[in-house]
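Along the sequence shown, residues carry numbers from 1. Order of appearance sets the numbers: ligands from 1, and atoms from 1 within every ligand. What you see below is based on every heavy atom in this structure, not just the backbone, and it leaves out hydrogens, waters and symmetry mates.
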Amino acid sequence: MKNLLSIESLGCAEIARILEVAAVMKAGRGHHAERPLQGQCWALMFSKSSTRTRVSFETGIRELGGGVMFLAADDIQLGRGEPIRDTARVMGRMLHGAVIRTYAQKDVEDFADFSGIATINALTDGEHPCQILSDLFTIIETRGSLDGLSVTFVGDGDCNVARSWIWAAARMGFDLRIAAPPGFQPPDDLLARAGGRISVTGDLRAAAEGASVLYTDVWVSMGKEEEAADRIQRLQNYQINDAICRIAPDALVMHCLPAYRGKEITDETFEAHANTIFRQAENRLHTQKAVLSMLVDA
Ligand code: CP
Ligand code: NVA
């Protein structure tokens with residue numbers, strides 16, 4: 001594995017290996033004998049806000065022995081219009097790896113091509129692969145395996161997190177049900193390309209019935225702020241709350257965070273499942289350390 005650009009670009013065996021290495025990273029935290037990033041310098045180049053992704057990568061790179069710099073896009077010439085390809089060609093001559101949060105999926109792909117250094121997608125409009133790796137790890141940690149898993153994604157079914165779930169379900173062979181209203185459902189061509197056992201419906205109650213995971217994300221993703229009022233109105237019935245949890249009483253309730261209580265999830269349901277939700281956040285550190293160590297080994 002030379003880069004982590006998407007879940008789409010990973011195979012089942014690669015995902016399984018990342019999750020295995022993540023378990024080793026988690027168990028061995030604080031007493032790693034090896035420092036695979038020793039002598040290396042990585043950059044985090046972010047065009048969007050972040051708490052979890054930034055902190056987990058900065059911590060993880062340092063724990064693996066590397067140095068790290070944080071570059072907000074507006075602090076570098078990228079923010080004044082220098083092309084991503086030129087930025088990549090400069091950084092590729094100085095750094096060992098880059099973690100990029102931006103808008104277009106093509107930008108992280110171009111960065112990887114033009115820099116030639118290990119490149120990680122830390123969220124684009126197209127995918128959020130690091131999040132879904134952490135979520136799969138959390139599910140395995142809780143349930144023991146992905147066997148018999150059925151994940152119900154509630155809300156904006158065409159956002160980056162939902163799209164990474166689509167590819168994860170296709171690659172790992174579990175059931176994914178997307179509950180989203182028209183206008184927020186993933187396009188047919190994406191679903192056809194992914195294959196797998198994925199269903200899409202506007203009927204939230206039907207999608208939730210008997211699910212092993214109820215998952216949601218914000219209704220207004222970064223970059224969609226101008227659509228906020230319209231999105232909140234059209235997605236208002238796609239909320240994880242006590243009534244939905246009663247339909248899937250054994251479900252893990254998961255959220256990638258940040259959460260907007262009273263919108264995609266109620267405060268009551270969020271707090272009842274906070275242990276799982278914050279373990280997802282913590283597991284970002286361990287799964288990303290697994291990815292970093294595997295990219296260095298490649
Ligand atoms: N879930 C997630 O990626 O959080 P941040 O936006 O805080 O990094
Ligand atoms: N879909 C959300 C995920 C945040 C981690 C966004 O893009 O803002």
Side-chain angles (χ1 to χ4, degrees), residues 4-7 22 42-61 68 70-73 98-105 107-108 120-139 151 153-168 176 178-180 183-186 190 213 215-228 230-232 234-235 238-240 253-261 263-265 270 273-274 276-289 291-292:
L4 173 64
L5 301 180
S6 60
I7 300 289
W42 283 61
L44 266 59
M45 200 173 81
F46 280 33
S47 305
K48 295 175 175 173
S49 305
S50 171
T51 299
R52 283 142 287 272
T53 308
R54 176 176 177 176
V55 174
S56 55
F57 269 112
E58 289 207 30
T59 305
I61 290 168
V68 58
F70 181 80
L71 304 170
V99 180
I100 301 178
R101 171 167 283 203
T102 190
Y103 295 86
Q105 176 69 21
D107 282 351
V108 287
I120 298 177
N121 175 358
L123 180 147
T124 63
D125 292 344
E127 275 217 36
H128 195 0
C130 297
Q131 180 67 52
I132 270 53
L133 290 171
S134 177
D135 299 337
L136 293 175
F137 181 80
T138 307
I139 291 169
V151 176
F153 183 97
V154 182
D156 179 2
D158 193 24
C159 74
N160 41 18
V161 170
R163 285 180 174 234
S164 287
W165 270 115
I166 288 171
W167 288 107
L176 175 66
I178 296 180
F184 294 95
Q185 297 182 347
L190 171 67
V213 171
Y215 193 106
T216 192
D217 181 10
V218 296
W219 288 343
V220 185
S221 285
M222 291 180 278
K224 305 283 186 195
E225 290 78 5
E226 284 182 4
E227 301 171 12
D230 180 56
R231 286 174 162 262
I232 290 167
R234 290 166 68 196
L235 286 162
Y238 292 82
Q239 181 189 63
I240 300 188
V253 173
M254 302 181 80
H255 194 309
C256 58
L257 299 175
Y260 291 81
R261 292 163 171 83
K263 303 274 191 312
E264 73 275 2
I265 192 164
F270 182 92
H273 296 272
T276 306
I277 292 168
F278 288 105
R279 206 147 38 79
Q280 283 174 261
E282 180 200 324
N283 286 336
R284 297 289 303 276
L285 173 67
H286 311 302
T287 47
Q288 288 161 194
K289 282 169 70 181
V291 169
L292 288 162

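With rounding to the nearest 0.5 Å, the separation of CZ in Arg101 from CD1 in Ile120 is 13.0 Å.
Residue contacts with ligand 2 for Asn160 involve side-chain atoms from C-beta outward but no N, CA, C or O (heavy atoms, distance under 4.0 Å).
Figure legend: Arg54 and Phe70 shown as a cation-pi pair, the cationic atom lying under 6.0 angstrom from the six-membered ring centre and within 45 degrees of its axis.
If you check each of Arg101, His255, Arg52 against atom 6 (O) of ligand 1, the one with the closest non-hydrogen atom is Arg101. Taking only non-hydrogen atoms, the option from Asp217, Val220, Asp156 nearest to atom 1 (N) of ligand 2 is Asp217. Between Lys48, Arg54, His128, it is His128 that holds the heavy atom closest to atom 3 (O) of ligand 1.
The ligand atoms of ligand 2 that sit less than 4.0 angstrom from a heavy atom of Val218 are 2 (C). Those atoms of ligand 1 that come under 4.0 Å of a heavy atom in Cys256, given as number and element, are 1 (N). Each of the atoms 5 (C) of ligand 2 lies under 4.0 Å from some heavy atom of Leu257. Close approach to Thr51 involves these atoms of ligand 1, each under 4.0 Å from a residue heavy atom: 5 (P), 7 (O), 8 (O).
Of the protein's non-hydrogen atoms, Leu123 CD1, 3.9 Å is the one closest to atom 4 (C) of ligand 2. Counting protein heavy atoms only, atom 8 (O) of ligand 2 is closest to Met222 N, 2.8 Å.
Distances shorter than 4.0 angstrom occur between a heavy atom of Leu257 and an atom of ligand 1. At least one heavy atom of Arg284 sits under 4.0 Å from some atom of ligand 1.
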Next item on the list: Report the C-alpha distance between Glu127 and Ser164 in whole Å, list the side-chain angles of each, state the deciding distance to 0.1 Å, and finish with yes or no for side chain to side chain donor-acceptor pair (under 3.5 Å).
Entry: CA-CA 5 Å; Glu127 275 217 36; Ser164 287; 2.7 Å; yes
Checklist line | side chain to side chain donor-acceptor pair (under 3.5 Å) evaluation trace for Glu264 with Thr216 | finding: CA-CA 7 Å; Glu264 73 275 2; Thr216 192; 5.9 Å; no
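A distance of 6.0 Å or more separates the ring centres of Trp219 and Tyr260.
In terms of modelled atom types and a separation under 3.5 Å, the side chain of Ser56 and the main chain of Arg284 share no donor-acceptor contact. The closest donor-acceptor contact from the side chain of Asn160 to the backbone of Thr124 lies under 3.5 Å.
Salt bridge annotation for Asp135-Arg279: absent, with no cationic side-chain nitrogen under 4.0 angstrom from a carboxylate oxygen.
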